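Small disclaimer: the values here were computed from a predicted structure and weren't measured.
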Amino acid sequence: MNKILAACFCALLASCMGSDYADPNMTENPFGNSQIAETNVMNIGDLKESKDFKFIIANGAYKKVEKSIQIKGRVTGNDAQSNLYNTISIEDATGAIEVSVGQGGTSGFMPVGQEVLVELKGLYIGGYRKKAQIGTVYTSANGTLGIGRMNRQEWAQHYKIIGTADPSQVVPTEFDVTKIADASYINANASRLMTISGVEFSAADGKAVYAPDDGSVTLTSNCANRALKGLDEKKIVVRTSTYAKFAKAVLPTGKVKITGIFSRFNDTWQIQIRSLDDVVADDPFAGIDGTGLGTAESPIDVTRALSLIAKSAYEATKEYYVTGIISKIKEVDTGNYGNATYYISVDGKDANNLTVFRGYNIGGEKFTAEDQIKVGQKVVVAGTLTLYGTEPEMNAGNKIISIK
């Protein structure tokens with residue numbers, strides 16, 4: 001009897017569902033609004049420069065988007081390490097913009113490399129200290145209105161996740177230091193993911209940290225601005241929140257390469273790194289052929305010396321240690337000068353030579369006999385590099401470190 005009743009109940013339930021009942025779509029992303037369509041996609045660069053928003057952004061105002069416009073790009077920065085507070089940076093080939101959302105944990109569903117479609121109708125676009133933002137109207141503590149964070153429910157109705165995240169599609173742009181104060185360059189590139197190479201933190205001493213909260217550094221909005229050696233801190237700084245997970249990490253010493261969101265505060269670049277992985281020791285030989293570091297412990301080979309000179313990548317006053325095999329000897333002066341001019345190559349053949357011009361013997365001693373150097377000997381020489389006319393050479397005054 002119970003079995004009969006159960007069978008009847010199941011049949012009744014199935015009839016109530018009807019033939020049109022469909023299983024849930026498990027492939028649909030549970031985040032955002034999957035119904036958003038690409039009907040009027042606008043490049044981010046064009047959006048920021050449009051007549052509707054260019055003036056608004058530059059003057060710290062805001063405006064509601066009244067018509068259906070979408071932007072499409074990839075996430076370049078999020079709150080994964082708590083340095084980009086309530087901010088999602090989105091970039092396409094033409095520019096970047098920051099989305100201000102009052103929600104934590106956005107990195108979970110908007111990782112770096114995630115492509116997104118954003119419907120702007122109903123949202124506000126404005127400028128905070130000339131930085132373009134997407135958000136809503138915000139009232140500050142003193143009653144001033146401006147662009148600010150929208151709530152998570154509103155944001156959820158305005159974005160669509162496209163496919164899966166592909167971090168390989170996010171490639172930082174190299175920052176052009178020569179245009180650091182160029183207004184058009186700032187406008188075009190603010191909020192982009194960029195890289196600046198060969199810089200040093202002014203405060204780096206092996207002890208100073210990114211964002212201390214002990215009063216040792218003046219904070220603005222709970223953030224510390226760190227200057228870079230040789231660059232005006234009124235034009236560019238590295239900005240770190242005291243709430244960032246790496247706030248107490250020690251600033252690296254020496255030259256580094258910094259990648260981050262190059263945000264802005266008026267006409268000052270504010271680099272916001274996303275994690276400690278964004279700061280790495282700078283490789284002075286990136287893109288240079290050959291091997292070695294140019295030190296006594298790791299001399300560069302002739303190939304690297306020639307490449308440095310050909311690409312004008314050498315430091316004119318730096319002493320480089322270079323190793324090679326003597327391929328030809330032009331002259332050895334055993335008189336008053338006591339120097340020699342000869343050529344070295346990687347394999348000892350008279351081709352692809354580096355000229356060692358008027359150099360001295362081991363330890364800087366003068367040559368006293370012509371047979372103190374011979375073709376086929378392997379040497380390590382130290383001196384400065386130059387291009388003399390069309391001839392790559394080591395400047396006069398160099399010296400042999402070792403000879404075999």
Side-chain angles (χ1 to χ4, degrees), residues 77 80-84 172-178 180-181 192-220 222-265 268-288 290-300 304-305 308 311-322 382-385 401:
Q81 293 284 306
S82 303
N83 198 33
L84 277 70
T173 302
E174 188 70 30
F175 181 74
D176 188 347
V177 180
T178 67
I180 193 170
R192 273 192 185 278
L193 180 69
M194 304 182 83
T195 295
I196 185 169
S197 303
V199 293
E200 296 182 64
F201 284 99
S202 299
D205 60 2
K207 297 179 182 178
V209 301
Y210 280 91
D213 57 4
D214 58 4
S216 60
V217 173
T218 300
L219 302 176
T220 54
N222 295 309
C223 292
N225 292 330
R226 291 299 195 179
L228 299 172
K229 283 185 180 180
L231 297 177
D232 187 349
E233 62 185 300
K234 291 182 180 179
K235 295 177 180 175
I236 191 166
V237 294
V238 176
R239 185 169 175 83
T240 307
S241 169
T242 55
Y243 298 108
K245 294 180 180 179
F246 49 84
K248 302 301 188 296
V250 175
L251 291 170
T253 57
K255 291 187 177 182
V256 294
K257 178 189 294 184
I258 302 174
T259 298
I261 301 301
F262 276 57
S263 192
R264 71 183 297 183
F265 184 84
T268 301
W269 292 98
Q270 293 185 331
I271 307 172
Q272 294 174 286
I273 65 173
R274 301 161 301 169
S275 73
L276 290 180
D277 291 338
D278 278 340
V279 182
V280 297
D282 194 40
D283 180 5
F285 300 110
I288 303 299
T291 61
L293 301 176
T295 62
E297 298 78 13
S298 177
I300 58 175
R304 175 150 286 185
L308 282 169
K311 296 179 180 180
S312 299
Y314 63 93
E315 296 180 40
T317 60
K318 179 179 178 178
E319 183 178 63
Y320 289 91
Y321 287 75
V322 183
T384 57
L385 302 176
I401 301 301

Legend entry - side chain to side chain contact (heavy atoms under 4.5 Å, CB included) partner of V256, the single match among V279, L251, L228: V279

Inset, instruction - Mind running side chain to side chain contact (heavy atoms under 4.5 Å, CB included) on E233 and N225 for me, showing each step along the way? - result: CA-CA 9 Å; E233 62 185 300; N225 292 330; over 6 Å; no

Legend entry - Minimum-distance pair of heavy atoms, taken over all atoms of R274 and L84: CG-CD1, 4.4 Å

Inset, instruction - May I ask you to check whether Y314 and Y320 place their ring centres under 6.0 Å from each other? - result: no

Legend entry - Within 6.0 Å of NZ in K234, more than 12 heavy atoms from elsewhere: no

Inset, instruction - Check I271, L193, V280, T173 against T259 for a side chain to side chain contact (heavy atoms under 4.5 Å, CB included) and give me the one that passes. - result: L193

Legend entry - Residue pair A305 / V322: nearest heavy atoms and the distance that separates them: CB-CG1, 4.2 Å

Inset, instruction - Please examine the side chains of L276 and Q81, heavy atoms only from C-beta on, and report whether any two atoms are closer than 4.5 Å. - result: no

Legend entry - Distance-minimising heavy-atom pair for A211 and K248: O-NZ, 4.0 Å

Legend entry - Donor-acceptor contact present, side-chain D283 to main-chain F285, <3.5 Å: yes

Inset, instruction - Without swapping roles, check the side chain of K318 against the backbone of G294 for a donor-acceptor pair under 3.5 Å. - result: no

Legend entry - Check: F262 and I196 side chains under 4.5 Å, non-hydrogen atoms: yes

Inset, instruction - Please confirm whether the backbone N or O of Q270 pairs with a side-chain atom of S263, one donor and one acceptor, at under 3.5 Å? - result: no

Legend entry - OG1 on T253 to NZ on K207, rounded to 0.5 Å: 13.0 Å

Inset, instruction - Can you measure from OG1 (T384) to CD (E315) and round to the nearest 0.5 angstrom? - result: 12.0 Å

Inset, instruction - Provide the closest heavy-atom pair for Y210 versus A224 in the form atom of the first, atom of the second, distance. - result: O-CB, 3.6 Å

Inset, instruction - Dump the intermediate steps for side chain to side chain contact (heavy atoms under 4.5 Å, CB included) on F246 and T240, then the final yes or no. - result: CA-CA 9 Å; F246 49 84; T240 307; 3.7 Å; yes

Inset, instruction - Look up atom OG1 in T268 and atom CG in D232, then write down how far apart they are to the nearest 0.5 Å. - result: 8.0 Å

Inset, instruction - Nearest 0.5 Å please: distance from the CD atom of Q272 over to the CG atom of D278. - result: 11.5 Å

Legend entry - 4.5 Å side-chain heavy-atom contact, F175 and I180: yes

Legend entry - G198 versus K255, closest heavy-atom pair with distance: O-CD, 4.1 Å

Inset, instruction - Just do the side chain to side chain contact (heavy atoms under 4.5 Å, CB included) check on L308 and I300 with the steps written out, would you? - result: CA-CA 10 Å; L308 282 169; I300 58 175; 3.9 Å; yes

Legend entry - 4.5 Å side-chain heavy-atom contact, S202 and K229: yes

Legend entry - Non-hydrogen atoms of S298 and G292 that approach each other most closely: OG-CA, 3.6 Å

Inset, instruction - Give, for atom CZ of R226 and atom CD1 of I273, the distance between the pair rounded to the nearest 0.5 Å. - result: 12.0 Å

